[in-house]
Amino acid sequence: MERVRFLWQSIKNFKEMGTVIRSSPAMCRNMVQYIDSRNDLIIVELGAGDGVITKYILDKMSKDAKLFVFEINPELCEVIASIKDDRLILINDGAQYMESILLKYEIETVDTIISAIPFLVLPENLTKEILNISKKILKSGGNFIQMHYVKNISKMYKAIYGNVEINYVALNIPPGYVFRCVKKEV
Ligand SMILES: C[S@@+](CC[C@H](N)C(=O)[O-])C[C@H]1O[C@@H](n2cnc3c(N)ncnc32)[C@H](O)[C@@H]1O
């Protein structure tokens with residue numbers, strides 16, 4: 001049922017969704033592999049869709065951690081809201097507003113950011129805005145994790161973070177890539 005709702009929302013809002021099929025278990029596992037269960041206490045997920053990766057993040061994080069989930073689609077937020085977990089804070093708003101929204105929770109820096117926002121179909125200025133804010137709020141040494149279906153976008157991440165590691169995930173439709181950038185210590 002969740003799959004059908006995701007497909008329908010994808011067809012209606014393709015310019016925000018960028019795909020019609022949600023991430024596979026293999027993709028979800030790859031995305032959460034860098035979470036440091038002991039030390040990552042504030043985790044942010046961007047573009048959660050119906051929460052398919054959200055569940056894997058919650059499984060991996062510690063009981064004291066908090067997960068802030070940003071998703072712009074209200075119908076998909078209804079699906080995410082059915083995940084009952086006190087550590088989950090669902091925000092039905094754009095990732096471009098995350099800095100000011102997190103400040104309302106007295107959060108200035110975050111430990112890890114996991115994103116499935118389809119930057120390739122978003123306006124370039126919005127993509128840059130979200131990526132710059134992400135780097136700004138990420139702690140030194142923190143991970144920025146992003147999925148894409150193409151590899152040739154890696155230059156953009158290298159330019160922002162000075163490093164990028166890429167994992168190929170064959171068991172996904174279509175096969176995709178997980179990009180991992182680490183914010184250098186300053
Ligand atoms: C490719 S789907 C990924 C869904 C799910 N995380 C997955 O991996 O299957 C991208 C999601 O990003 C959301 N999105 C697009 N622009 C956004 C923005 N500016 N802020 C937050 N979410 C956004 C879309 O509504 C969509 O649900």
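When a ligand or atom number is given, it counts from 1 through the structure's own listing order. We use all heavy atoms of the structure for the numbers below, so side chains are in, but hydrogens, waters and symmetry mates are not.
Each of the atoms 4 (C), 27 (O) of ligand 1 lies under 4.0 Å from some heavy atom of G49. Close approach to F70 involves these atoms of ligand 1, each under 4.0 Å from a residue heavy atom: 21 (C), 22 (N). Below 4.0 Å from some heavy atom of R22 lie the following atoms of ligand 1, by number and element: 9 (O). Close approach of ligand 1 to G94 (heavy-atom distance below 4.0 Å) involves ligand atoms 20 (N). Close contacts of ligand 1 with I53, meaning ligand atoms under 4.0 Å from a residue heavy atom, involve 6 (N), 8 (O). Residue L76 approaches ligand 1 through these ligand atoms, each under 4.0 Å from one of its heavy atoms: 27 (O).
Residue I130 places a heavy atom under 4.0 Å from ligand 1.
S24 is not listed as a side-chain neighbour of I173, based on a closest heavy-atom distance of 4.5 Å or more. M147 is listed as a side-chain neighbour of S23, based on a closest heavy-atom distance under 4.5 Å. Inter-residue side-chain proximity for Y34 and V182 is flagged as unmet; no heavy-atom pair is nearer than 4.5 Å. K139 is listed as a side-chain neighbour of D40, based on a closest heavy-atom distance under 4.5 Å. Inter-residue side-chain proximity for M98 and S134 is flagged as met; some heavy-atom pair is nearer than 4.5 Å. Looking at heavy atoms from C-beta onward, K135 lies in side-chain contact with K183 at the 4.5 angstrom threshold. A heavy-atom distance below 4.5 Å is not found between the side chains of P118 and Y149.
Among all non-hydrogen protein atoms, the one lying nearest atom 10 (C) of ligand 1 is A116 O, 3.3 Å. Among protein heavy atoms, the minimum distance from atom 25 (O) of ligand 1 is reached at E71 OE2, 2.6 Å. At the shortest separation from atom 5 (C) of ligand 1 among protein heavy atoms lies A48 O, 3.4 Å. Distance from atom 24 (C) of ligand 1 to its nearest protein heavy atom, with residue and atom name: E16 O, 3.3 Å. A95 N, 2.9 Å is the protein heavy atom nearest to atom 20 (N) of ligand 1. Of all protein heavy atoms, the one closest to atom 12 (O) of ligand 1 is G47 CA, 3.2 Å. Remark: minimum distance from atom 1 (C) of ligand 1 to any protein heavy atom is reached at M17 O, 2.9 Å. Scanning the protein for heavy atoms near atom 19 (N) of ligand 1, the closest one is Q96 OE1, 3.1 Å.
Residue D93 has no nitrogen or oxygen atom sitting less than 3.5 Å from a nitrogen or oxygen atom of ligand 1, judged on distance alone. The shortest N/O to N/O separation between S23 and ligand 1 falls below 3.5 Å. Ligand 1 has no N or O atom lying under 3.5 Å from any N or O atom of N73, backbone or side chain. Where the criterion is an N or O separation shorter than 3.5 Å, residue side chain and backbone included, I117 fails it with respect to ligand 1.
Of the candidates V52, I114, I72, I91, it is I72 that places a heavy atom closest to atom 14 (N) of ligand 1.
The residue L46 has no part lying near ligand 1, judged by heavy-atom distances below 4.0 Å. Neither the backbone nor the side chain of C28 has any atom closer than 4.0 Å to an atom of ligand 1 (non-hydrogen atoms only).
Aromatic ring pairs are classed by plane angle as parallel below 30°, tilted from 30° to 60° and perpendicular above 60°; the pair Y157 and F179 is tilted. Ring geometry for Y105 versus F68: interplanar angle over 60°, hence perpendicular rather than tilted (30 to 60°).
In this structure, S154 and I166 approach most closely via the heavy-atom pair CB-CD1, 3.6 Å.
The residue from L67, V69, T112 that alone fulfils the side-chain contact (heavy atoms from CB on, under 4.5 Å) condition with I57 is L67.
Atom CD of E108 sits in a sparse spot, with 12 or fewer heavy atoms from other residues, nucleotides or ligands closer than 6.0 Å.
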